[in-house]
Asker: 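I have a structure I would like to understand better, so I am pasting it below and will then ask my questions one at a time.
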Amino acid sequence: MNGDITLTLPDGSVRTYSGPVTGSQLAADIGPGLAKAAIVIMVNGELWDLSREITKDSPVAIITGRDDAALDILRHDAAHILAEAVQELYPDVQVTIGPSIENGFYYDFARKEPFTIDDLEVIERRMVEIIERDEAISRSEMDRDAAVKFFQGMGENYKAELIAAIPEGQAITLYRQGDFIDLCRGPHLPSTGKLGTDCFKLMKVAGAYWRGDSNNEMLQRIYGTAWRTKKELKAYLVRLEEAEKRDHRKLGRQMKLFHFQEEAAGMPFWHPHGWTIYQQIEAYIRRKQQKYGYQEINTPQLVDRILWEKSGHADKFHQHMYTTQSDNRTFALKPMNCPCHVQVFNQGTVSYRDLPLRLAEFGSCHRYEPSGALHGLMRVRSFTQDDAHIFCSEDQISGECVDFCQMLLEIYRDFGFNEVKVKFSDRPTARAGSDDVWDRAEAALKSAIDTTGLDYSLNPGEGAFYGPKLEFVLTDAIGRDWQCGTFQVDFILPERLDAHYIGADNHKHRPVMLHRAILGSFERFIGILIEEYAGRFPLWLAPTQVVVTGITSEQDDYVRQVHQQMTAQGIRVEMDLRSEKINYKIREHSHAKTPVIYVAGAREVVDTTVTIRRLGSKKQQTLDLITAIDQLKHESLAPDQR
RNA sequence: GCCGCUGUAGCUCAGUGGUAGAGCGCGUCAUUGGUAAUGACGAGGCCGGAAGUUCAAUUCUUCCCAGCGGCACCA
């Protein structure tokens, strides 16, 4: 061979060069349009800078702004431009890291004074200048030790620390744009001008620990969002606004569902409307649990600390437990229900014939969560779990898991969640139990989750110390993930609390304990529901299902009569007898997200009918009163009762 | 818990070193109307809590509490 290099394009066409060639050259050879649009080049499945020389025969693909891969690179570049702008404006800062993230990017800076919102505008303007300068972005390599010295020499100690952590002898890639040099894996755009001046926006400032460790100092993080086009940016900002309107904290106040106050931070006060939703869900779950062979129990709120010491909770979680003194004893408000459930199991003697024994409780728990973690109904200090513990033998784990997943999916679907993220968390480094037991537990859980056909991701090392677990995650309006359901295999607690059953061999055996919840907590689940439905609850959950109102006060008696009949049928109905115009009342009840409005005017009184208007529709339908009530009554049934 | 921001009427928010204002909501009265705002009048506030500076603090300072955005945490 004479040093020729053959590049194969995605369409199968081939270009041959007599020596090393860069992505830019290739793009330019194909056409000036492509040369302009090119961002990076895919070489052998790897993204490379356009300026990097290709020295071997390779399959290649030129990536333009239209490709999805481009967005990530664009955002990463935005982070670099942000860092360059900040360093120009505030010479005292040290740069650390700045990756692209979902919807945008951030960069962490070390600086004594924090950035303010006003700083963001200034920085944004400087970023626009840097983009307009259209600085070339060049890649270079440096020996690790040289790179450490280089950054130390610049006073960039964080960068030096990062590089020092990279294995010795490895080449380090550096990127330079203007006077700004950063350690970076790349690839990057050919120049800063490839990012549109109106396609990005700095969003917020926040604190973040160096290397994500709370023992380290706190850095100043600036978040931004970046897109290919101005239109995309705008669409994203609109999406954020829409999401904010769904915020359960806002809707909870507007719809009078619950409130919080200083004297009980993180502990919701449920109002009649919110509590109605809660009760409907509880009744629904109770029916499901009966269907799936659970027995409901109830255990004390306050339990002597001794039990928590036996269970091991006091040791590991005492900082999260509320305690109180009485009778010279220390009691703790239960942070979870499991030890109490073992107490129920331990009363009397259990035969292997009784297994699996499924004990369920709507268990009210209290946990002293760090103040910064509190978040509306999503993260609270007092909550109720739809908790249950299944006591079974080891060979029953798999079957129980399959049944549980079926129950969980059935329930999630009834609430309208068809997409659930599932995480499989396996053995952590600090764990109890032998590897042999862990092997069996993980295998059982894995085969069970595979049977369900659910997609899941691995969450290595994140299992509980007592066993592997499945986490079922739902997403809120703002895109934040919240764990709701869980299924955990536990070999440890039965041991600690000395649970046993009598086997077919007439000997004592240790049961396995399966901790499981579907909603997780009623509070969090309702918070997610509010956002999922944007406050427009389906009929079976709506606090007020119907409002009956007249056109004039002439119909008041009829309205009262309709209201009474519907109440007698168990429908959650309210009447509106105010002397307001019909327009006003329609508007108000629509804003209140009442699913159905019955209007009765003179005609309806004569005909014994009602005119029906449903939320989200302007259509009206006049129906015979009895028919209307029957229909509504049927529609109001929970999904499992239809 | 950590960094930053915020805290004024039931809600959303304006405002000032001389103890406060709007809109919505609420109450009263008038209005009796056919599917997203009828009008008039009125009542509501220890300006988150404590201390300090000042003749004077809702306004400035400090501490505390709570909320918000992140980070860490989430058994």
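Chain letters run A, B, ... following the sequence lines, proteins first, then strands; residues in each count from 1. Everything numeric in this text was worked out from a predicted model, so none of it was measured.
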Asker: Taking atom C1' in both B:rU31 and B:rC13, what distance in whole Å separates the two?
Answerer: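 B:rU31 and B:rC13 have their C1' atoms separated by 32 Å.
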Asker: Go through it in stages, so that I can follow the logic: the residues are A:Tyr278 and A:Trp270, the test is side chain to side chain contact (heavy atoms under 4.5 Å, CB included), and I'd like the CA-CA distance, side-chain angles, deciding distance and then a yes or no.
Answerer: CA-CA 9 Å; A:Tyr278 186 110; A:Trp270 287 101; 4.1 Å; yes
Asker: Using a 4.0 Å heavy-atom cut-off across all strands, classify A:Ala206 as base, sugar-phosphate, or nothing.
Answerer: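 Base, at least one base heavy atom under 4.0 Å.
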Asker: Ignoring hydrogens and angles, answer whether the base of B:rU32 and the side-chain atoms of A:Ser553 contain a donor-acceptor pair closer than 3.5 Å.
Answerer: yes
Asker: Regarding A:Thr116, tell me which of base, sugar-phosphate or nothing describes its non-hydrogen contacts under 4.0 Å with the strands shown.
Answerer: nothing
Asker: Checking all strands, does A:Tyr223 fall into the base, sugar-phosphate, or nothing category for heavy-atom contacts under 4.0 angstrom?
Answerer: sugar-phosphate
Asker: If you apply the rule side chain to side chain contact (heavy atoms under 4.5 Å, CB included), what do you find for A:Val380 with A:Phe260, and how did you get there?
Answerer: CA-CA 10 Å; A:Val380 286; A:Phe260 289 94; 4.2 Å; yes
Asker: How many Å lie between CG on A:Asp576 and P on B:rG25, as a whole number?
Answerer: 13 Å
Asker: Categorize A:Tyr209 for me: base, sugar-phosphate, or nothing, with a 4.0 angstrom heavy-atom threshold over every strand shown.
Answerer: base
Asker: A cation-pi test, strictly: NZ or CZ of A:Arg379 under 6.0 Å from the centre of the six-membered ring of A:Trp482 and no more than 45 degrees from its axis. Yes or no?
Answerer: no
Asker: Using the closest heavy atom to pick a nucleotide of RNA chain B for each, name whichever of A:Ser590 or A:Gln483 lands nearer the 5' end.
Answerer: A:Ser590
Asker: When both hydrogen-bonding distances must be under 3.5 Å and the geometry is Watson-Crick or G-U wobble, what is B:rU61 paired with, if anything?
Answerer: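 Pairing partner: B:rA51.
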Asker: Any donor-acceptor pair under 3.5 Å linking the side-chain atoms of A:Thr552 with those of A:Glu554?
Answerer: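 Their side chains do not contain a donor-acceptor pair, so the 3.5 Å distance test is not met.
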Asker: Base, sugar-phosphate, or nothing for A:Glu604, non-hydrogen atoms under 4.0 angstrom?
Answerer: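 The residue A:Glu604 makes base contact.
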Asker: Identify the nucleotide, in any strand shown, that forms a Watson-Crick or G-U wobble pair with B:rC26, with both distances under 3.5 Å; if there is none, say none.
Answerer: B:rG42
Asker: Within a strict 4.5 Å, meaning less than it, do heavy atoms of the A:Leu497 and A:Gln343 side chains meet?
Answerer: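 SC-SC contact between A:Leu497 and A:Gln343 confirmed.
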Asker: Please check the phosphate of B:rU38 (OP1 and OP2 only) for any side-chain N or O of A:Lys581 closer than 4.0 Å.
Answerer: no
Asker: Between A:Met218 and A:Ile612, which has a closest nucleotide on RNA chain B that is more 5'?
Answerer: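 Its nucleotide being nearer the 5' end, the pick is A:Met218.
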Asker: Please determine whether any donor N or O and acceptor N or O are separated by less than 3.5 Å between the side chain of A:Gln555 and the base of B:rG34.
Answerer: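 In this structure, the two groups form no donor-acceptor pair.
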Asker: Identify which nucleotide among B:rA30, B:rA72, B:rC26 has an atom closest to any side-chain atom of A:Ala373, counting heavy atoms from C-beta outward.
Answerer: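 Of all the options, the side chain of A:Ala373 is nearest to B:rA72.
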Asker: My understanding is that a pair needs two contacts under 3.5 Å, Watson-Crick or G-U wobble. By that rule, which nucleotide pairs with B:rG69?
Answerer: B:rC3
Asker: Using only side-chain N and O atoms of A:Asn583, determine if any of them is under 4.0 Å from OP1 or OP2 of B:rA36.
Answerer: yes
Asker: Give the rounded distance in Å between these two atoms: CG of A:Asp213 and C1' of B:rC73.
Answerer: 12 Å
Asker: Under 4.0 Å, heavy atoms only, any strand: does A:Tyr466 hit a base, just the sugar-phosphate, or nothing?
Answerer: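 Sugar-phosphate, no base atom in range.
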Asker: Can you check the A:His259 NE2 to B:rC11 C1' distance for me, whole Å?
Answerer: 14 Å
Asker: Could one point to a donor on the side chain of A:Arg379 or the base of B:rC73 with an acceptor on the other under 3.5 Å away?
Answerer: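 By the distance-only test, yes, there is a pair.
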Asker: Does A:Tyr368 place a side-chain N or O at less than 4.0 Å from the phosphate oxygens OP1/OP2 of B:rC73?
Answerer: no
Asker: Is A:His591 touching bases, backbone alone, or none of the nucleic acid, heavy atoms closer than 4.0 Å?
Answerer: base
Asker: Once you round it to whole Å, what is the distance between P of B:rU38 and NZ of A:Lys585?
Answerer: 11 Å
Asker: Measure the acute angle between the ring planes of A:His515 and A:Tyr466, then classify it against the limits of 30° and 60° as parallel, tilted or perpendicular.
Answerer: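 Ring orientation of A:His515 relative to A:Tyr466: parallel.
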Asker: Would you say A:Thr609's side chain and A:Leu625's backbone share a donor-acceptor pair under 3.5 angstrom?
Answerer: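 The answer is no, because no donor-acceptor pair under 3.5 Å joins these two groups.
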Asker: Is the base of B:rA36 touched by the side chain of A:Arg613 through a donor-acceptor pair closer than 3.5 angstrom?
Answerer: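 Side chain to base: pair found, below 3.5 Å.
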Asker: Is it true that the NZ or CZ of A:Arg510 lies under 6.0 Å from the centre of A:Phe491's six-membered ring and within 45 degrees of the ring axis?
Answerer: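 No, cation not above the ring by the 6.0 Å, 45° rule.
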Asker: What string of B, S and - do you get for nucleotides 60-68 of chain B, 5' to 3', when a contact is any protein heavy atom under 4.0 Å?
Answerer: -----BSSS
Asker: Strictly by Watson-Crick or wobble contacts shorter than 3.5 Å, is anything paired with B:rU35, and which nucleotide is it?
Answerer: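 Its partner: none found.
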Asker: Taking NZ from A:Lys316 and P from B:rC74, how many angstroms apart are they, rounded to a whole number?
Answerer: 8 Å
Asker: For B:rG21 versus B:rC47, give the span between their P atoms, rounded off to a whole number of Å.
Answerer: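 Nearest-Å result for B:rG21 against B:rC47 at atom P: 14 Å.
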Asker: Please work out if A:Gln220 contacts a base, only the sugar-phosphate, or nothing of the nucleic acid, heavy-atom cut-off 4.0 Å.
Answerer: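 If one applies the 4.0 Å heavy-atom cut-off, A:Gln220 turns out to touch the sugar-phosphate alone, with no base involved.
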Asker: Under 3.5 Å, is there any donor-acceptor pair linking the side chain of A:Arg253 to the base of B:rC11?
Answerer: no
Asker: Whom does B:rG17 pair with, Watson-Crick or G-U wobble, provided both distances fall under 3.5 Å?
Answerer: none
Asker: Taking the six-membered ring for Trp, is the centroid-to-centroid distance between A:Phe522 and A:Phe362 below 6.0 Å?
Answerer: yes
Asker: Would you mind reading off the distance between A:Gln254 atom CD and B:rC11 atom P, rounded to a whole angstrom?
Answerer: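 Value for this atom pair: 12 Å.
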Asker: Using 30° and 60° as the class boundaries, would you call the ring planes of A:Phe417 and A:Phe525 parallel, tilted or perpendicular?
Answerer: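 A:Phe417 and A:Phe525: perpendicular rings.
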